[in-house]
There are 2 protein chains.
Amino acid sequence: MLWVKAMKKVQMKERQQYLEKHSISELFSFPIEEYIEVHEYRRDEWIIREGMRPDYLYYVIEGKAKIYMTYQNGKVSLINFINARDYIGEMELLNEVYYTKGIQASTKTVCFAIPLHQCGKQMLEDIIFLRELTKFLSVKATQMAAKYSQSLAFPLENRLADFILQTADGDIYREKHVTVCDFLGVSYRHLLHVLAKLCEKGYLHKAGRQYRIEDRERLEQLAGVSRNGEEALIYRVIRNE
Amino acid sequence: MLWVKAMKKVQMKERQQYLEKHSISELFSFPIEEYIEVHEYRRDEWIIREGMRPDYLYYVIEGKAKIYMTYQNGKVSLINFINARDYIGEMELLNEVYYTKGIQASTKTVCFAIPLHQCGKQMLEDIIFLRELTKFLSVKATQMAAKYSQSLAFPLENRLADFILQTADGDIYREKHVTVCDFLGVSYRHLLHVLAKLCEKGYLHKAGRQYRIEDRERLEQLAGVSRNGEEALIYRVIRNE
DNA sequence: TCTAAAATATGAGATTTCTCATATTATTTT
DNA sequence: AAAATAATATGAGAAATCTCATATTTTAGA
């Protein structure tokens, strides 16, 4: 595999615009803006390579990404998703010993990148930052627990609908089936079967090796069912924040 | 239902012994020990009632507990487990708006209880404490994500074995089937079917309405299979800490 | 460019798990 | 103590999902 380093560092006026539009200065007690770089990644680009400690703490302001990890047996698993307003690299900032997972943009993704060598120490001593990060993590942990305990309850059709919406780039869905099976815990055979069903129903249209979302509303409906519990929870956790 | 308030506040010498055996003073930058109460709960006792903000931040030093929550439709769900060295009530400490879940001891459980009205503000301004809590939450969030993404892959037999080991009080397992179905996301019918299978195999013995663990090793083996991914992950995250 | 490996596809029988129907105990309430 | 409610049980057919076998198409690497 050939990897061209293609992350774009956004400069000047454009950088300034991002900083103004998504101000995060209230998340720190020291003037962070001057240190912040704005990084832009294209679809499929790696934001962090597995096993390599990152040099930045990232804060996602636009886009979506996926967390991958390779198991002892060589199998690569999709572990979770990252969305706007999530942190990337906080595990490495907090834990000296931590096996870094790979993170790959699944759409164009823009991040604030805070250089660790300049700000790392300061961040770990910044009460406001730590308090915010702790809140973020507490909500995330709770969500995951809820999602875990609830999601087992629904058949693949619902979970897959949710997955498609989460991973689609606009209206185009094109994940590797093998990866998806792994993440959703179903067999390859069954995944194809259910995908075919979604096409039959007219929610998706298969074009070559990618799928186009034809009826987003219905998909959301399907996905919604399987997210009910989680939503109720998040609603209660998040509201008024 | 009749609920006698029965939590025991451990005093004097016994309190002192707990404090010495499980010192947590290194988790704070101020002298916390003098404020700490030691609370002891019996099996099935509620440590926190759903919807009631707790007056303490708890740190579990012995025992196991379960987190429950009631959904809009009145259904009560087991959300997750709590073990020794976990915090209870950190969500309430961190988030002003948070719907408090119910927490029930599933074996005799001993906690350090740190009174919020005395220490809450101080804790939220304590760098060391916040940093530790953030680490704890980051690991927990990661574990949950891994567990979620992996555990779907195994049939009930494996997940149930894990569940039984997690919830058993000594060798006695006696969860309500309805609750378990809900947590594990399977039908009542199927749960009984698999429980019967475990009995047939001689791993469990059914005595009235409770089950005795007859072959812990085999159960652990079954559970281990379904926990492989997670374990690998935790190993990498936790080792050397 | 050719070849090997990876990814996609599809069929068919076997397992797992679900739904529904219906009894039989506990437990709680009146 | 009787009645109502919740929890436990069991059977049987249906749906979801898995395993295995095998074929075709892409993709990566020599």
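Labels below follow one simple rule: chain letters A, B, ... track the order of the sequence lines, proteins then strands, and each chain is numbered from 1.
Terminal axes of the helix from C:dT1-D:dA30 to C:dT30-D:dA1 (five pairs each, C1' rotation axis) are separated by 50°, to the nearest 10°.
The CG atom of A:Leu204 sits 7.5 Å away from atom CG of A:Leu160, with the distance rounded to the nearest 0.5 Å.
Computed from coordinates, the A:Glu157 CD to C:dT17 P distance equals 19 Å when rounded to whole Å. One can place NZ of A:Lys206 at 11 Å from C1' of C:dT10, the figure rounded to the nearest angstrom. Atom CG of A:Leu195 is separated from atom P of D:dA16 by 15 Å (rounded to the nearest Å). Going from atom NE2 of A:His190 over to atom P of D:dA15 covers 14 Å, rounded to whole Å. As rounded to whole Å, 9 Å separates atom P of C:dT17 from atom CG of B:Asn158. A straight line from CZ of B:Arg159 to P of D:dT17 spans 12 Å, rounded to a whole angstrom. Atom-to-atom, CZ of B:Arg189 to C1' of C:dA21 comes out at 12 Å; the value is rounded to the nearest Å. Nucleotide D:dT17 holds its C1' atom 11 Å from the NZ atom of A:Lys197, rounded to whole Å.
Taking each heavy atom of B:Thr100 and B:Arg53 in turn, the nearest pair found is OG1-CA, 3.9 Å. Minimum heavy-atom separation, A:Ile164 to A:Leu195: CD1-CD2, 4.2 Å.
Counting heavy atoms from C-beta on, the side chains of B:Arg216 and B:Asp171 come closer than 4.5 Å.
Surrounding NE2 of B:His193 are at most 12 heavy atoms belonging to other residues, nucleotides or ligands under 6.0 Å away. Open room surrounds NZ on A:Lys176; 12 or fewer heavy atoms of other groups in view lie less than 6.0 Å from it.
Both A:Tyr188 and B:Gly208 lie close to DNA chain D; mapped to their nearest nucleotides by heavy-atom distance, the more 5′-ward contact belongs to B:Gly208.
B:Arg159 places a side-chain N or O within donor-acceptor distance of the main-chain N or O of B:Leu184, the cut-off being under 3.5 Å.
Put simply, B:His177 has no side-chain N or O that comes within less than 4.0 Å of OP1 or OP2 on D:dA6. At C:dG11, none of the side-chain N or O atoms of A:His193 fall inside 4.0 Å of OP1 or OP2 (strictly under the cut-off).
Among C:dT8, C:dT17, D:dT8, the nucleotide with an atom closest to any side-chain atom of B:Val178 is D:dT8.
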